[in-house]
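Scroll down for the structure; my scribbles are underneath it.
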Amino acid sequence: MSTAPQLDERMARKAGIAAFVGTTIEWYDFYIYGTASALVFGPLFFSNADPAVAVLLSFGTFAVGFLTRPLGGAVFGHLGDRIGRKRALISTLLLMGVTTVGVGLLPTYATIGAAAPVLLIVLRMLQGLAVGGEWGGAVLIATEHTRPDRGFLFGAFAQQGSPAGRILATLGFLAVTGMLPEEALLEWAWRLPFLASALLVVVGLVIRLKLEESPAVKQLHERNEVVKVPVVEVFRSNSRELMLGIFGILCVFVVVYARDTFALAWATKSLDFSKDSFLSIILIASVVQFFVQPFGAILATRWSPRALVTLLLGLEIPALALMFVLIGTGNWTLAMIGAVLATIPDVMFYAVMAGMLAQSFPTRVRYTGISLTYGLSGALCGTTPMILQWLHSSSGSMALPVAFGIVTTAISLVCSRALLGRPAAEETPHSDQAALPGDAATPTR
């Protein structure tokens, strides 16, 4: 009697750590591509184009990674809902590691011509496939190992991998841009952050191979309630939750890629920021995210998640506009303040988002449901840097990019409130049957 609760707590912590480490590695791989697309991929893979067009094309390769996320959500969601979360997560980590190292080994346009950007796009699409399956599984491996009332809190373990991965990615590029001349960066040093992924993947695999399967999945198999085609079931029974979730989290992608990708290119090419100076701003914002983000999940367990989301996204609208204004001054201190202010409400919402989506789908299709939600929303927003670049270039003003950010955040606010206003997903049509472990329940106040 006395050992069971301790065992549950130990496994919950182990699952939370595994989710954090795995997503850190996945996001490191994903973010170094975003940084490279802003800094070096233009001249390396589109050297035959005008410099401004090269940046736009580089952002285009960045965007294709988001287009394959829904496919990754469907494929790995199918595996995760039918076979198990653990096997799906090992597969996504391997796929991401192989493709990231592949980018680091890729010949450039000067070496193999037009084949270089084609291969770059293929590898980026595979990266998107991996991320599309990774995020949902990491959230569930954490939330389904803990008590229902801690779903929001343990979902935040997986979310912490995003700032940790971004910090590692930014430090990686700061090291090569700060210690080496521009010529070395373009010739060979840009490859180092990509090749370093191999070591991180080994660490992640060791941790995930030792992890036990989710108790919720074990019970599904024991009850013979596994769905044959989860993606069909999601669209048939949970289409409303899917659509509300897709549009409810738009701002998560828009804000981060407006700051870390579009603003990085804008500040270093059109303003007076050096690569090092603006990368240091992104690094500071990422460190702030790492420490501030968990408070979103903590507050969601104590307050009404719906009221909290309303407050956070309501604050994000003016903060996002202020960020662009302050970056536009060309002053490093003001730009840093703007980036941090826009980061705080967005990342606190990001922490709440995991529990919000997990409670919206029943266990039998939960991996597929939240992965499709995340992947389809990311696909809609993956062109954010390219859209913002086009709006800025065509108008010569930052007014349209700012308006784009405000509109998408407002859409997220409305749809998130609607999703949180719905009851948590029922596991069965029979009210007398107990819910499976790990089902995140909305706090009562």
Side-chain angles (χ1 to χ4, degrees), residues 21-41 44-46 57-80 87-109 111-112 114-138 161-162 164-166 168-169 172-173 176 188 190-209 253 257 260-261 371 374-375 378-379 382 385:
V21 173
T23 53
T24 296
I25 297 166
E26 292 268 358
W27 284 120
Y28 166 81
D29 290 353
F30 207 73
Y31 285 133
I32 56 174
Y33 190 101
T35 303
S37 70
L39 297 180
V40 298
F41 280 170
L44 288 174
F45 290 93
F46 302 99
L57 293 172
S58 178
F59 284 161
T61 71
F62 176 80
V64 298
F66 290 84
L67 299 179
T68 54
R69 278 192 185 185
L71 179 59
V75 171
F76 292 106
H78 183 88
L79 293 176
R87 293 181 184 178
L89 286 172
I90 290 172
S91 301
T92 61
L93 188 61
L94 280 171
L95 179 60
M96 178 62 92
V98 170
T99 54
T100 301
V101 172
V103 173
L105 297 173
L106 197 61
T108 63
Y109 188 92
T111 305
I112 60 173
V118 172
L119 290 173
L120 181 66
I121 290 171
V122 170
L123 291 173
R124 178 59 174 176
M125 291 173 71
L126 291 173
Q127 270 197 332
L129 200 71
V131 169
E134 163 68 23
W135 181 83
S162 178
R166 188 182 295 111
L168 290 177
F173 267 95
V176 296
W188 58 270
W190 68 271
R191 301 179 185 275
L192 297 180
F194 290 91
L195 299 178
S197 173
L199 179 61
L200 296 176
V201 169
V202 171
V203 174
L205 282 175
V206 170
I207 293 174
R208 286 194 169 173
L209 285 170
F253 301 100
Y257 293 120
D260 292 2
T261 306
S371 296
Y374 195 74

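Just so it is clear, the values below take in all heavy atoms, side chains as well, and ignore hydrogens, waters and symmetry mates. Position 1 is the first residue of the sequence; numbering continues from there.
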Legend entry - Qualifying residues under salt bridge (Lys or Arg N to Asp or Glu O under 4.0 Å), relative to R166, sequence neighbours excluded: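 So R166 forms a salt bridge (Lys or Arg N to Asp or Glu O under 4.0 Å) with D260.
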Inset, instruction - Mind checking salt bridge (Lys or Arg N to Asp or Glu O under 4.0 Å) for R208 and listing every partner two or more places apart, or none if nothing turns up? - result: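 Partners of R208 by the salt bridge (Lys or Arg N to Asp or Glu O under 4.0 Å) criterion, ordered by chain and then number, come out as E134.
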Inset, instruction - Carefully, step by step, assess F194 and V101 under the rule side chain to side chain contact (heavy atoms under 4.5 Å, CB included). - result: CA-CA 5 Å; F194 290 91; V101 172; over 6 Å; no
Inset, instruction - Could you please spell out the steps behind the side chain to side chain contact (heavy atoms under 4.5 Å, CB included) verdict for W135 and S371? - result: CA-CA 7 Å; W135 181 83; S371 296; 5.7 Å; no
Inset, instruction - Keeping to residues at least two apart or across chains, list the side chain to side chain donor-acceptor pair (under 3.5 Å) pairs with something in residues 59-69. - result: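 The answer is Y33-T61.
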Inset, instruction - With sequence neighbours excluded, give me every side chain to side chain donor-acceptor pair (under 3.5 Å) pair touching residues 196-206. - result: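 For residues 196-206, and leaving out neighbouring residues, the side chain to side chain donor-acceptor pair (under 3.5 Å) pairs sorted by first residue read D29-S197.
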Side chain proximity check, [X] to [Y], heavy atoms < 4.5 angstrom:
{"X": "F76", "Y": "L95", "answer": "yes"}
{"X": "M96", "Y": "I25", "answer": "no"}
{"X": "L44", "Y": "Y109", "answer": "no"}

For a quick test of reading the model, state the closest non-hydrogen atom pair linking [X] to [Y] and the distance between them.
{"X": "L105", "Y": "R191", "answer": "C-NH1, 3.4 Å"}
{"X": "G102", "Y": "L123", "answer": "C-CD1, 3.6 Å"}
{"X": "P193", "Y": "I32", "answer": "O-CD1, 3.6 Å"}

[X]: which residues meet the side chain to side chain contact (heavy atoms under 4.5 Å, CB included) condition with it, sequence neighbours left out?
{"X": "L205", "answer": "I90, L93, L94, V201"}
{"X": "A196", "answer": "Y28"}
{"X": "I112", "answer": "P107, A115, A116, L119"}
{"X": "L57", "answer": "F46, A49, V53"}

Inset, instruction - Start with the C-alpha distance between I121 and F45, add both sets of side-chain angles, then the distance that settles side chain to side chain contact (heavy atoms under 4.5 Å, CB included), and finish with yes or no. - result: CA-CA 11 Å; I121 290 171; F45 290 93; over 6 Å; no
Legend entry - Side-chain donor or acceptor of T92 paired with backbone N/O of L89 under 3.5 Å: yes
Legend entry - Donor-acceptor under 3.5 Å (R124 side chain, V103 main chain): no
Inset, instruction - Evaluate side chain to side chain contact (heavy atoms under 4.5 Å, CB included) for V176 paired with W190, printing each intermediate quantity in order. - result: CA-CA 7 Å; V176 296; W190 68 271; over 6 Å; no
Legend entry - Residues in ring pair (Phe, Tyr, Trp, His ring centres under 6.0 Å) contact with F62, at least two apart in sequence or another chain: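 By the ring pair (Phe, Tyr, Trp, His ring centres under 6.0 Å) rule, F62 matches F66, Y257.
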Legend entry - With F253 via ring pair (Phe, Tyr, Trp, His ring centres under 6.0 Å) - residues at least two apart: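 F253 satisfies ring pair (Phe, Tyr, Trp, His ring centres under 6.0 Å) with Y374 once adjacent residues are dropped.
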Inset, instruction - For S162, check side-chain hydrogen bond (donor to acceptor under 3.5 Å, both in side chains) against everything at least two apart and list the hits. - result: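 Checked S162 against side-chain hydrogen bond (donor to acceptor under 3.5 Å, both in side chains); matches are Y31.
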